[in-house]
Amino acid sequence: MLEPCGRAAVRSIAAADLMLATGGITSQIVPAIAPVQAVRFPLDQVRPAVLRVPLLDTRPRVSSHRFPRPTDPVPKPLPPRVVVQPTAAADRQADTIDDLQRNPDVAGQRRRTRIAPPGDVVKLSERLFFVLQPDLETTLQASHLEFPREPFPFQLDGMAFLMPRHGAILADEMGLGKSMQAISSLRLLVRSGQARRVLVVCPKGLVSNWARELADWAPELLVAVIEGDPARRRWQWTLPDVPVKVANYEAVVRDREMIEELGLSFDLVVLDEAQRIKNRSSNTHRAVADLRRGRSWALTGTPVENSAEDLVALFDFVAPGHVNDRMAPKVLGAAAADYVLRRTKDKVLTEMPPRMNRDERIELTPEQRETYRRAEEEGVLRLSALGPEATIQNVFELVLRLKQICNFDPPTGESAKLDCLVAELEEVQASGKKALVFSQWVETLGRLEGKLARFGALPYHGGMSTTARDEAIHRFKHERQHSVLLLSYGAGAVGLNLQFSQYVFLFDRWWNPAIEDQAINRAHRIGAAGAVTVTRFLSADTIEERIDEVLRRKRDLSELILSQAEAPAASGLTAADLFALFRLPAPGRAAA
Amino acid sequence: MAGKARRRGHGLLKCQPGTPDGWAETAAGKRLDHWLAGTTGDRAGGVSFMEQQTQGATAFGFLTAVDSPAHGVFGGYLLVDAIGRPLEFHCTAPVKVSRAQQILYGASLPGHLHGQQIGAALLAEGSVIPAVVLTDHDAMLAVRPHTSLPVALVRRRDEAVEPPPGAFAMGEVCVSPHVSDVAAAEALRQRLEHLGASVDLTEPFERIRAAIEEAQRH
């Protein structure tokens with residue numbers, strides 16, 4: 001039997017529970033109330049949970065970045081591919097250039113050289129400006145820029161490094177085309193209106209070289225070379241419509257006041273062979289550092305010649321105050337990292353012809369040996385007698401004297417090195433090859449010129465006029481009878497492209513291995529037609545061998561600093577080193 | 001080569017007479033200046049494609065999206081000149097789609113999200129009128145109903161299995177106009193000729209992705 005449990009319960013059925021009474025069902029009337037079991041059923045209508053799914057109807061927040069409009073015109077379209085036109089520069093490059101590794105395609109895809117924002121660019125819009133630039137290959141193709149030859153991938157990397165930077169040191173090993181990279185980069189900056197006034201500062205002997213390179217790699221840019229008397233130079237400094245000016249270091253020092261007086265400023269100053277400013281107290285350093293400029297690029301194959309201070313001096317130009325000489329080498333390396341790009345030939349030109357080094361240990365002739373022995377004994381005695389009064393100059397004079405004897409015996413003119421050199425050159429001449437011979441003395445070169453006349457030896461040194469030197473290079477290159485070029489380290493170690501030479505002889509050794517490398521790289525550079533053999537003459541058991549020991553210890557200093565490693569204890573040919581050559585104690589003031 | 005015409009004298013290398021800077025005074029340069037002066041500051045919204053054609057617009061839009069599992073979908077819109085140099089860049093904050101939204105929108109989600117939400121928001125920010133908006137993202141084609149600009153899909157030619165009607169080749173890529181712009185395919189092709197000769201049309205999308213990454217890092 002089912003009955004509601006009272007009226008009140010019926011009325012509130014919607015809100016209350018039903019009472020279900022059940023009892024036993026029998027055929028008889030049971031007077032007693034049957035036992036009731038109550039079961040409660042919940043009747044509340046539980047409101048279901050509502051899930052709200054928002055529609056995608058709100059526009060997302062957008063951040064916008066607008067960039068300066070390029071000022072140069074958009075060229076008319078041409079068929080795809082970088083335009084490569086042969087020019088005079090191509091003639092200067094060996095024919096084998098095309099055989100060298102270019103790696104234009106990686107895994108079937110076109111290589112893209114991107115311009116990454118420099119580390120010191122912080123603002124997002126400015127960083128995006130670089131990130132969003134087309135790759136360099138596209139830029140060059142779209143702008144129809146003509147080059148004497150197609151740049152190597154690592155050279156495009158170098159341009160992508162230089163272009164966005166206000167301060168940069170391109171420290172590629174000699175022969176990798178630092179000038180070309182700088183010229184192509186400044187060319188793009190000038191064309192895009194980011195640079196209107198560019199100054200290239202280089203050693204005097206390289207001015208004509210730069211003018212030639214600019215004509216080849218940026219033919220549409222007007223170039224003025226600063227030279228002549230003061231009135232002429234004043235006119236040249238102020239030429240308004242010439243975007244690129246080339247001056248030598250001496251001219252910048254000489255015209256320092258004129259530049260100040262004229263209120264000249266430059267959008268970009270490029271220093272070639274920038275190690276020229278490593279002495280911070282020199283006039284050259286100060287004159288260059290005083291130039292008013294927007295961008296500062298330094299080109300050098302030897303950013304660290306002797307000590308970390310060399311690099312700090314370069315930074316005085318590229319990013320003043322960014323580093324200092326109190327920094328440990330590791331810290332200095334880390335601070336400099338974003339500003340310095342250095343590649344070596346063995347890393348980027350894996351198919352470049354090899355360079356073979358030979359150290360030719362030569363016994364002095366008996367006459368030379370006797371002269372040498374006497375000179376050294378007398379010299380050491382003299383130094384010993386001077387005691388603490390001995391100066392670095394005294395030691396230096398003795399070293400030079402002994403080195404000269406190693407080249408030629410003064411009384412007899414005998415030279416074991418010359419005998420060896422002649423034998424080597426006969427083979428060079430017979431095979432129709434060319435050789436470079438380096439010495440630190442013009443006098444030695446003069447002697448060699450006479451002794452090597454049958455090889456058509458031509459001199460090239462700082463005592464000659466620029467015209468005479470250019471003429472010597474021309475004849476050496478084009479006239480078959482001239483197998484030998486005799487160069488001084490000072491004039492011939494930098495800026496010359498002599499990659500058609502397969503042999504290099506270092507008749508005597510320079511004080512610094514970096515200078516020797518520069519000399520060697522006149523021949524062993526991009527475009528080298530074959531293996532380059534380098535022969536370094538060393539007179540046995542002489543001062544030359546002892547100096548070589550010191551130079552070997554110095555050789556890796558540059559790489560050590562640039563790779564953020566600890567610098568060695570002895571990092572340069574110090575006064576103490578020089579005294580030690582003769583087992584003499586260095587006086588305190590001289591060794592300082 | 002212009003450099004061949006130079007002569008050397010008094011240390012000064014001279015260019016062709018009458019052209020002080022050799023390259024700046026070209027007809028193309030004047031046209032570009034004229035065009036830039038005429039279009040800067042215009043908004044994309046109210047100008048029809050035909051009107052743009054008469055203006056001689058030489059900007060191009062590249063529109064894409066980057067799906068970041070951690071953040072959601074970023075939209076990027078790059079405007080470049082006729083040789084691919086950047087003029088403007090716009091990018092959205094990431095839009096995260098919930099599972100429920102995925103279910104609710106179903107198949108219409110990609111078009112709605114990329115086209116109506118992200119794409120339209122980005123195009124609205126452009127101050128330069130592009131000749132065409134290119135995308136490498138199928139769903140971005142859905143932006144077409146929300147803009148007067150022609151929109152086309154760019155694919156590497158080897159990826160385009162069956163080129164749709166109106167598709168045309170441009171260098172290494174296949175350009176497929178939105179169905180609304182198929183009739184104007186030939187005009188689009190002509191407009192893209194200059195850019196396509198200089199720039200791989202898939203390359204600017206790489207830049208957008210790199211820029212979005214850069215913005216995320218910043």
Between Thr467(A) and Asp470(A), is any side-chain donor less than 3.5 angstrom from a side-chain acceptor? no
Does either side chain, that of Glu137(A) or that of Thr113(A), offer a donor lying less than 3.5 Å from an acceptor on the other one? yes
Region of [X] that comes under 4.5 Å of a non-hydrogen atom in chain A:
X: Ile118(B); answer: both
X: Leu109(B); answer: side chain
X: Gln116(B); answer: backbone

Enumerate the residue pairs fulfilling salt bridge (Lys or Arg N to Asp or Glu O under 4.0 Å) with a member in residues 194-205 of chain A, sequence neighbours excluded, ordered by first and then second residue. Arg197(A)-Asp267(A)
Leading residue by heavy atom contact count with chain B [cutoff under 4.5 Å; candidates Val131(A), Val62(A), Leu132(A)]: Leu132(A)
Between Pro68(A), Pro134(A), Ser64(A), which residue shows the highest count of heavy-atom pairs closer than 4.5 Å to chain B? Pro134(A)
Interchain contact, Leu128(A) with chain B, by part (heavy-atom threshold 4.5 Å): side chain
His146(B): side-chain hydrogen bond (donor to acceptor under 3.5 Å, both in side chains) partners, not counting sequence neighbours: none
Between Trp217(A) and Phe147(A), what is the ring plane arrangement, given parallel below 30°, perpendicular above 60°, and tilted in between? tilted
